[in-house]
2 protein chains.
Amino acid sequence: MQVNYQQKTLGILGGGQLGRMVIQSAINYNIDIHILDPDPDAPCKSICQKFTQGSLKDYDTVYQFGQDCDIITIEIESVNTDALEALVKEGKEVYPQPHIIRLIQDKRTQKAFYKEKGIPTADFILTSDRADVLAQRDFLPAVNKLGKEGYDGRGVQLLKDERDLEKGFDAPGLLEKLIDFDKEIAVIVSKNKAGEVSAFPAVECAFHPTANLVEFLFAPAEISEKIEKQAQQIALQVIEELDMVGILAVEMFVTKEGEILVNEIAPRPHNSGHHSIEANMTSQFEQHLRSVLGMPLGDSSLRTPAAMVNLLGEDGFSGEAFVEGLDEALSEKGVYIHLYGKKFTKPFRKMGHVTILDEDPKKLKERAQKIKALIKIKA
Amino acid sequence: MQVNYQQKTLGILGGGQLGRMVIQSAINYNIDIHILDPDPDAPCKSICQKFTQGSLKDYDTVYQFGQDCDIITIEIESVNTDALEALVKEGKEVYPQPHIIRLIQDKRTQKAFYKEKGIPTADFILTSDRADVLAQRDFLPAVNKLGKEGYDGRGVQLLKDERDLEKGFDAPGLLEKLIDFDKEIAVIVSKNKAGEVSAFPAVECAFHPTANLVEFLFAPAEISEKIEKQAQQIALQVIEELDMVGILAVEMFVTKEGEILVNEIAPRPHNSGHHSIEANMTSQFEQHLRSVLGMPLGDSSLRTPAAMVNLLGEDGFSGEAFVEGLDEALSEKGVYIHLYGKKFTKPFRKMGHVTILDEDPKKLKERAQKIKALIKIKA
């Protein structure tokens with residue numbers, strides 16, 4: 001097949017840091033990128049070929065935006081899937097496919113899908129409102145998740161015991177058995193139109209103790225070869241069962257008994273793959289492009305062990321951002337800074353990330369802590 | 001020193017592929033990039049924060065362009081240095097410094113500089129016009145170079161014997177003894193404001209037989225440790241003698257006797273460093289940014305042996321470009337495509353490049369030939 005990517009226009013719903021890093025890759029292929037985002041100062045704004053300010057959830061806005069594009073993809077799940085389906089009917093290519101975005105948008109249908117397809121996941125109960133949650137004291141300790149609109153730590157609530165029940169969401173959601181896990185890992189898989197699939201090696205995620213955001217990530221994950229292989233198989237099973245074209249991040253728990261349970265999935269580039277820009281043969285952003293544009297998938301293997309540190313807005317600071325400690329961090333070998341072009345910071349806002357490469361994976365934890373202590377995003 | 005790079009505006013004179021790849025790096029630091037280029041469709045146009053169409057050689061245009069910028073740099077040498085000097089007097093930072101750009105713009109002053117500073121270079125005679133060239137039959141075989149405006153193979157003429165003398169340039173230039181060299185190598189060095197210097201490992205350049213453009217590049221160069229060390233020392237000597245802030249590509253001949261002679265220098269990112277995006281710990285584009293913005297320099301070491309293939313417009317094709325063989329090339333491991341966003345191709349126009357990584361450097365020559373045979377830029 002002879003495709004001239006230079007003549008394709010790729011529309012991306014969402015213009016945040018994920019889109020920004022996709023654009024950094026797309027520049028290598030002369031692809032025209034159109035961005036739709038509600039934020040007039042979205043991180044993609046000044047580096048894309050066309051920027052439209054508008055709601056991702058509004059049918060007409062999304063539908064109109066898609067008219068100019070040959071292929072449409074997403075960098076956030078909360079988008080109007082009805083408009084995307086209408087665009088597909090008119091001959092546009094939309095990846096991931098709209099019905100898959102819709103399935104993943106709702107954690108309730110996501111869980112039902114795992115159950116139906118025999119994909120291992122924590123036990124759960126669907127809840128319609130707070131009264132439903134209150135009735136489930138025997139199911140505790142559990143995690144209460146909102147069905148829709150949860151993002152970056154929002155919409156998730158730990159219910160340890162009865163005293164926490166009042167915190168339950170008064171909206172459709174689910175209660176998931178709290179897993180006493182040993183590790184949280186993630187595997188990013190991808191599939192292109194030709195049916196080719198690929199899996200990145202598993203990474204290990206360390207979450208911020210209170211903000212419920214990934215704080216550190218380590219690649220490779222410190223897991224046995226057997227677990228690594230199983231995790232990749234499960235992630236590939238998910239994308240195959242979905243029959244999804246694009247890139248899919250599969251977050252999993254490894255229990256103390258060595259069982260793997262799928263936690264959540266995201267059908268787009270993901271925080272757990274940021275290190276791949278420097279650490280892997282192909283980055284997740286390039287792989288995303290390759291999959292949605294119908295190119296052959298790239299080699300996902302790890303070149304160098306890496307740690308990733310999210311640069312979150314320092315607690316207590318809001319306003320025009322500045323970065324403290326950048327020069328000190330940059331004097332170290334193998335340190336790569338990625339700032340997301342966000343003018344304003346607020347507590348825990350994702351402002352950037354740092355990737356650290358080190359041939360000796362044992363040094364990565366200490367180095368990641370050091371970088372985190374060095375770089376502060378303040379106002 | 002606490003610098004907030006986010007608040008700096010970097011002006012680049014020239015908006016071609018070198019600027020484009022600088023921008024791909026600059027996105028990581030939230031730097032505002034302003035571009036000046038005479039081409040309304042310059043490769044940087046749609047990915048910079050401000051684009052000005054205008055002449056790089058016109059005093060007023062360059063002077064006005066600089067007013068908006070905090071720091072000004074170049075991606076091509078043919079710029080108005082008087083305007084840059086006026087900007088320096090008004091407190092703007094300009095790197096490389098204007099007097100160095102002026103020195104390098106003219107191959108005659110460049111050669112005189114080598115001689116004055118004891119930097120090894122081929123013997124030469126300055127010539128004012130064709131009559132001067134015609135008088136130098138005893139100096140043949142020689143290379144006749146125009147003093148100014150030579151670029152990408154233009155302004156260079158091989159004079160093998162008397163019959164070639166008529167091809168001599170009828171303008172100020174020089175005659176340089178033809179060197180019976182074993183290899184052509186290049187070392188890219190950089191220096192920041194704090195005086196820190198760094199050298200990339202030497203690379204080996206293979207030129208196109210007729211177009212006088214780099215066709216292939218191999219890193220590492222196949223040279224002895226001694227030659228490698230000497231080449232790095234000479235390149236560092238050049239940047240130190242110039243006392244230049246920025247990045248400097250130093251092209252050298254290695255003679256059959258193992259002598260190193262400086263051929264030409266370029267005070268900007270250079271074709272001989274394109275592989276560094278994937279092959280080195282720090283790319284030349286990032287190093288350029290670091291040097292002119294006053295950041296600490298990055299680790300220049302090679303991660304993986306690499307070959308670089310320039311994608312030149314196929315001979316015989318002019319018009320709207322398309323790329324043949326992209327998918328086949330991308331199915332190979334360790335192949336990285338960089339297209340330069342140029343809509344129109346013409347014979348030998350630099351349209352992109354490909355970097356090939358391979359842990360086994362012996363395979364690189366064959367793989368580079370294969371990629372060159374696969375990918376064609378046609379119209």
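Chain identifiers are assigned alphabetically (A, B, ...) following the order of the sequence lines, protein sequences preceding nucleic acid strands; residue numbering begins at 1 within each chain. Keep in mind that the numbers below use all heavy atoms, side chains included, and drop hydrogens, waters and symmetry copies.
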Among B:Ile47, B:Ile33, B:Leu297, B:Val335, which residue forms the greatest number of heavy-atom pairs with chain A at distances under 4.5 Å?
B:Ile47
Show, in sequence, the C-alpha distance, side-chain angles and deciding distance for B:Asn30 and A:Lys343, and conclude whether the side chain to side chain donor-acceptor pair (under 3.5 Å) test is met.
CA-CA 9 Å; B:Asn30 294 354; A:Lys343 201 170 174 186; over 6 Å; no
Quick one: what part of A:Asn28 sits under 4.5 Å from any heavy atom of chain B, side chain, backbone, both or neither?
both
Looking at B:Glu332 and B:Arg367, is there a salt bridge between them, counting it only when a charged N and a carboxylate O are closer than 4.0 Å?
yes
Can you check ring-ring contact (aromatic ring centres under 6.0 Å, His included) on A:His275 and A:Phe218, steps first, answer last?
CA-CA 9 Å; A:His275 67 293; A:Phe218 300 98; over 10 Å; no
Please identify, among B:Arg303, B:Glu320, B:Met21, the residue contributing the most non-hydrogen atom pairs under 4.5 Å to chain A.
B:Arg303
Output a table of donor-acceptor pairs, distance under 3.5 Å, between side-chain atoms of residues 285-294 of chain A and any protein atom two or more places apart or on a different chain; print 'none' if there are none.
unit_1	atom_1	unit_2	atom_2	d
A:Glu286	OE2	A:Tyr29	OH	2.4
A:Glu286	OE2	A:Arg290	NE	2.9
A:Glu286	OE2	A:Arg290	NH2	3.4
A:Gln287	OE1	A:Gly298	N	2.7
A:Gln287	NE2	A:Ser198	OG	3.4
A:Gln287	NE2	A:Gly298	O	3.1
A:His288	NE2	A:Thr73	OG1	3.2
A:Arg290	NH1	A:Pro296	O	3.0
A:Arg290	NH1	B:Leu330	O	3.1
A:Ser291	OG	A:Gln287	O	3.2
A:Ser291	OG	A:His288	O	2.8

For B:Ile23, is it the side chain, the backbone, both or neither that has a heavy atom under 4.5 Å from a heavy atom of chain A?
neither
Report which part of B:Tyr336 has an atom under 4.5 Å of a heavy atom belonging to chain A: side chain, backbone, both, or neither.
side chain
Assert top hit (heavy-atom pairs under 4.5 Å, partner chain A, pool B:Arg20, B:Gln49, B:Glu196) equals B:Arg20
When B:His274 is tested against each of B:Gln17, B:Gln284, B:His338 for side chain to side chain donor-acceptor pair (under 3.5 Å), which residue passes?
B:Gln284
Going by the rule salt bridge (charged side-chain N to carboxylate O under 4.0 Å, His left out), which residues pair with A:Asp41 if we only count those two or more places apart in sequence or in a different chain?
none
Interface moiety of A:Thr304 toward chain B, non-hydrogen atoms closer than 4.5 Å
both
